Amino acid sequence: MGMKNVLLILSTSRTSEEAIEFAVGAAKERGGTLVALYLLETGLAEEVFDRFSDVGFIGDRPSTELSEAIMKEYRQRGYEELGLVQVRAMEEGVEFDPIMEEGEVVSRALDIMEGREVALAVCVRRKQSTFARYFSGSLTDELKEKAPCEVVVIEE
């Protein structure tokens with residue numbers, strides 16, 4: 001029968017109504033399952049600490065409790081995002097497989113693509129100037145390069 005599942009990659013910084021609609025529509029069209037991955041990126045709490053300490057809001061050594069509170073907040077946001085996607089999938093009669101994990105974006109997405117027989121992956125990239133994109137590279141570019149399936153990037 002072949003691969004027909006669609007992977008929607010969500011993260012703490014990249015959620016898009018357009019991407020959700022596109023992924024649900026693609027899964028419905030293919031008769032596949034919508035696999036929604038909400039990724040809690042490795043080092044997320046440290047990134048928040050760095051930003052706050054750079055502006056002098058917190059000191060250099062945040063507490064374990066603060067780290068846990070930040071991750072709990074991101075996890076809660078993830079459950080809410082996955083719930084919104086599930087409602088859209090249900091409205092369209094599309095099977096839904098939610099996944100929430102912590103890890104590095106590209107490697108976790110590639111693992112799921114292979115393990116869930118994904119034919120199409122949908123991810124979001126913030127709009128950047130060509131100049132900025134040239135110097136920064138992006139996770140979406142790396143994902144497109146390494147993915148064993150088609151990858152659609154929604155720019156917002």
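Bear in mind that the values here come from a model prediction, so they are computed numbers and not experimental data.
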Colleague: Once rounded to the nearest 0.5 Å, what's the spacing between atom SG of C149 and atom CG of L143?
Modeller: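 The CG atom of L143 is 7.5 Å from SG of C149, to the nearest 0.5 Å.
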
Colleague: Compare all side-chain heavy atoms of L120 with those of F22 and state whether any distance is below 4.5 angstrom.
Modeller: yes

Colleague: Show your working on side chain to side chain contact (heavy atoms under 4.5 Å, CB included) between D141 and R125 and close with a plain yes or no.
Modeller: CA-CA 10 Å; D141 292 338; R125 172 173 50 204; 2.8 Å; yes

Colleague: Show every donor-acceptor pair shorter than 3.5 Å between a side-chain atom in residues 25-37 and any protein atom, with sequence neighbours excluded, or say none if there are none.
Modeller:
{"unit_1": "K28", "atom_1": "NZ", "unit_2": "E92", "atom_2": "OE1", "d": "2.9"}

Colleague: Taking the side chain as every heavy atom from C-beta outward, state whether V124 and E18 have any atom pair closer than 4.5 Å.
Modeller: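 Contact flag for V124/E18 side chains = no.
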
Colleague: Applying the 4.5 Å side-chain criterion to the ILVMFWY set and letting contacts propagate, would L84 and V24 be lumped into a single cluster?
Modeller: no

Colleague: Where do V118 and A121 come nearest, in terms of heavy atoms and distance?
Modeller: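 Result for this residue pair: CG1-N, 4.3 Å.
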
Colleague: Between NZ of K144 and CD of E150, what distance do you get to the nearest 0.5 Å?
Modeller: 9.0 Å

Colleague: Is the shortest distance from a Lys or Arg side-chain nitrogen in E80 or R77 to a carboxylate oxygen in the other one below 4.0 Å?
Modeller: no

Colleague: For the CG atom of L82 and the CG atom of D97, what is their distance to the nearest 0.5 Å?
Modeller: 10.0 Å

Colleague: For E21, look at atom CD and say whether over 12 heavy atoms of other residues, nucleotides or ligands are found less than 6.0 Å away.
Modeller: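 Buried by this count: over 12 neighbours within 6.0 Å.
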
Colleague: Do the side chains of L7 and C123 get nearer than 4.5 Å, heavy atoms only?
Modeller: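 Sidechains of L7 and C123: no contact.
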
Colleague: Flag the pair D111 and R108 as a salt bridge only when some basic side-chain nitrogen lies within less than 4.0 angstrom of an acidic carboxylate oxygen.
Modeller: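 Looking at R108 together with D111, the answer is yes, because their closest N to O distance falls below 4.0 Å.
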
Colleague: Measuring from S107:OG to K146:NZ, what's the distance to the nearest 0.5 Å?
Modeller: 8.5 Å

Colleague: Starting from V85, can I reach L40 by hopping between I/L/V/M/F/W/Y residues whose side chains sit under 4.5 Å apart?
Modeller: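 L40 and V85: one cluster.
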
Colleague: Mind checking the CD1-CD1 spacing from I112 to I9? Nearest 0.5 Å is all I need.
Modeller: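 Answer rounded to 0.5 Å: 8.0 Å.
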
Colleague: Working to the nearest 0.5 Å, report the span between CG of L39 and CD1 of I99.
Modeller: 10.0 Å

Colleague: State plainly whether one hydrophobic cluster holds both I154 and L10, where clusters connect Ile, Leu, Val, Met, Phe, Trp and Tyr through side-chain heavy atoms under 4.5 angstrom apart.
Modeller: yes

Colleague: Are any non-hydrogen side-chain atoms of M100 and Y79 less than 4.5 angstrom apart?
Modeller: yes

